[in-house]
Amino acid sequence: MKTLIFIIQSDALKKNFMQYSKIIGLGHAVPQTIVTNDDLSKILDTSDEWITERTGIKERRFFDPEIEGSLAKMAKKAADMALERAGKTKDDIDFVIFASITPDYFFPGSSVLLQRELEMDTIGCLDIRNACSGFIYSLSVADQFIKTGMYKNIMVVGGEIQSTAIDLTDRGRSTAVIFGDGVGVAILSASEEQGILSTHLHAEGKYAEELYVKDPGSSRTKEERQPEQILDTSGFKVYMNGNMVFKHAVVRFQEVIEEALNQNNLSASDIDMLIPHQANLRISKFIQSKLGLPDENVFNNIQKYGNTTAASIPIALSEAWGEGKIKEGDLVCLAAFGSGFTWGSALIRW
Ligand code: COA
């Protein structure tokens, strides 16, 4: 009897231990309002030529509260699409993870607001604030929850309304032209088949102020907290040292992709689809050439949406998958770099 119980238990343990998380559905939503480079050059000292040459971006979407309502409402649209494509309902979901640095409120985060929009039960909700790496960090957390057997189905969201955080004056022109709004959602499910093979996460906090929004943090001095100073809203806008971000990004992207490949005894030529965080087309092209990947093995949509921070990877993944560019058995590599600095990668057997 004792032996039988042991066999049953060790079988269950083995099963649990070998559990993978698989992305079974993806969805995305972007605001209706298209803002072209020419539109921006009417309000900023910039041009389509400058933006296209430096970033690859042709247009982006800007949120309109009259149309989209809120980030949580936009996320609901993307979540409904992901659930439908996954063949699941909101009642199948055990946990929600929402990556955003532009949530509806300073607190609580957008995960609970999405839970409310979807009329979900009292399942746990978690917010992640790792900017452009937020989706990879979220995916990694979800993967651990599934691997340990704690949850079976997790909704992972990356969503941003960056247009409210950019400085749309000449002073902010080098950052204002880069960012856009949108939401992407992935449904992760426990599976005995391979799925997420590994995730790799890194950070280097000494560069925190090279790409950041200062307010409404608690770092204001006593003087800065005086009522007349509160009216100084410059700290609410994105500050970015573009050159510094660029130099670190190209190194870290390549490093963290190679780390993932090495851990899995794979090489760059095994990658069927690379989806880099859509930071800048020049950065994506640089990584592509370093890894020696042909155009058809890399997906970019920054031309249409700009840099949507935590939303960029799930939107791109949802589009690439929807267009049939990712097939069963493909090796998919996701990688991101951004504020913190933080960076990470995920290697997935589809
Ligand atoms: N339109 C026209 N001119 C602009 C401009 C704009 N929107 N923004 C800046 N410029 C000007 C600058 O004033 C400067 O002019 P000067 O030479 O007369 O002084 C010139 O263009 C070059 O500015 P610089 O900031 O050195 O440009 P850059 O080549 O570094 O490109 C970025 C700027 C932001 C596009 C680039 O640094 C970049 O892509 N960085 C990475 C950003 C990124 O990926 N961020 C996302 C993080 S995940």
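Every number for a ligand or one of its atoms is a count from 1 in the order of the listing.
Within a 6.0 Å radius of CZ in R129, no more than 12 heavy atoms belonging to other residues, nucleotides or ligands are found. Atom CD of E84 is surrounded by 12 or fewer heavy atoms from other residues, nucleotides or ligands within 6.0 Å. Remark: Y105 OH is loosely packed, at most 12 non-hydrogen atoms of other residues, nucleotides or ligands lying under 6.0 Å away.
Judged purely by atom type and a 3.5 angstrom limit, S289 uses its side chain to pair as donor or acceptor with the backbone of F286. Judged by distance alone, with hydrogens and angles left aside, the side-chain atoms of D143 form no donor-acceptor pair with the main-chain N or O of T199 at under 3.5 Å. Remark: the backbone N or O of I101 is paired with a side-chain donor or acceptor of E160 at under 3.5 angstrom.
Of all the listed residues (W50, W343, F337), W50 holds the heavy atom that lies closest to atom 9 (C) of ligand 1.
Of the protein's non-hydrogen atoms, M240 SD, 3.3 Å is the one closest to atom 45 (N) of ligand 1. Closest to atom 40 (N) of ligand 1 among all protein heavy atoms lies G242 O, 3.0 Å. The nearest protein atom to atom 22 (C) of ligand 1, hydrogens excluded, is given as R54 NH1, 3.5 Å; this is a heavy-atom distance. Of the protein's non-hydrogen atoms, R173 NH2, 3.8 Å is the one closest to atom 12 (C) of ligand 1. In terms of protein heavy atoms, atom 39 (O) of ligand 1 is closest to N280 ND2, 2.4 Å.
Residue-level proximity to ligand 1 for V177 is carried by the side chain, the only part with a heavy atom below 4.0 angstrom. Residue contacts with ligand 1, taken as heavy atom pairs separated by less than 4.0 Å, involve I283 solely via side-chain atoms from C-beta onward. Within the 4.0 Å heavy-atom criterion, the part of I178 lying near ligand 1 is the side chain and not the backbone.
Note on K76 versus D80: salt bridge recorded, some NZ/NE/NH1/NH2 to OD/OE distance being below 4.0 Å. Under the 4.0 Å criterion applied to side-chain N and carboxylate O atoms, E68 and K73 are not assigned as salt-bridge partners.
Considering backbone and side-chain atoms alike, N243 places an N or O below 3.5 Å from some N or O of ligand 1. Considering both main-chain and side-chain atoms, T46 comes within under 3.5 Å of ligand 1 through a nitrogen or oxygen pair. On a distance-only criterion, G338 and ligand 1 share no N/O pair closer than 3.5 Å. Polar contact check, T55 against ligand 1: no nitrogen or oxygen pair lies under 3.5 Å apart.
Centroid-to-centroid, the aromatic rings of Y207 and H248 come within less than 6.0 Å.
The ligand atoms of ligand 1 that sit less than 4.0 angstrom from a heavy atom of H277 are 48 (S). Annotation for ligand 1: atoms under 4.0 Å from non-hydrogen atoms of S174 are 8 (N), 9 (C), 34 (C). For ligand 1, the atoms sitting less than 4.0 Å from at least one non-hydrogen atom of A279 are 44 (O), 48 (S), numbered in the order shown with element in parentheses. Distances below 4.0 Å separate heavy atoms of N307 from the following atoms of ligand 1: 46 (C), 48 (S). Heavy-atom proximity to C132, at under 4.0 Å, picks out these atoms of ligand 1: 48 (S). Close contacts of ligand 1 with L211, meaning ligand atoms under 4.0 Å from a residue heavy atom, involve 47 (C). If you number the atoms of ligand 1 from 1 as listed, the ones under 4.0 Å from a heavy atom of V245 come out as 43 (C), 45 (N), 47 (C).
Protein heavy atoms come within 4.0 Å of atom 2 (C) of ligand 1. Atom 42 (C) of ligand 1 is flagged as protein-proximal [any protein heavy atom, distance under 4.0 Å]. In this structure, atom 37 (O) of ligand 1 has protein heavy atoms in its sub-4.0 angstrom surroundings. Atom 18 (O) of ligand 1 lies below 4.0 Å from none of the non-hydrogen atoms of the protein.
Side-chain atoms of T55 and N280 include no donor-acceptor pair closer than 3.5 Å. With hydrogens and angles left out, the side-chain atoms of R85 and S318 include a donor and acceptor closer than 3.5 Å. Between the side chains of E259 and Q263, no donor-acceptor pair of N or O atoms lies under 3.5 Å.
For D45, the closest heavy-atom approach to ligand 1 falls below 4.0 Å.
Contact annotation: the side chain of L168 approaches that of L40 to within less than 4.5 Å [non-hydrogen atoms, C-beta and beyond].
Taking D121 as the reference, nothing meets the salt bridge (charged side-chain N to carboxylate O under 4.0 Å, His left out) condition, with sequence neighbours excluded.
A side chain to side chain contact (heavy atoms under 4.5 Å, CB included) with Y305 is found for one member of E59, R60, R61 and no other, namely R61.
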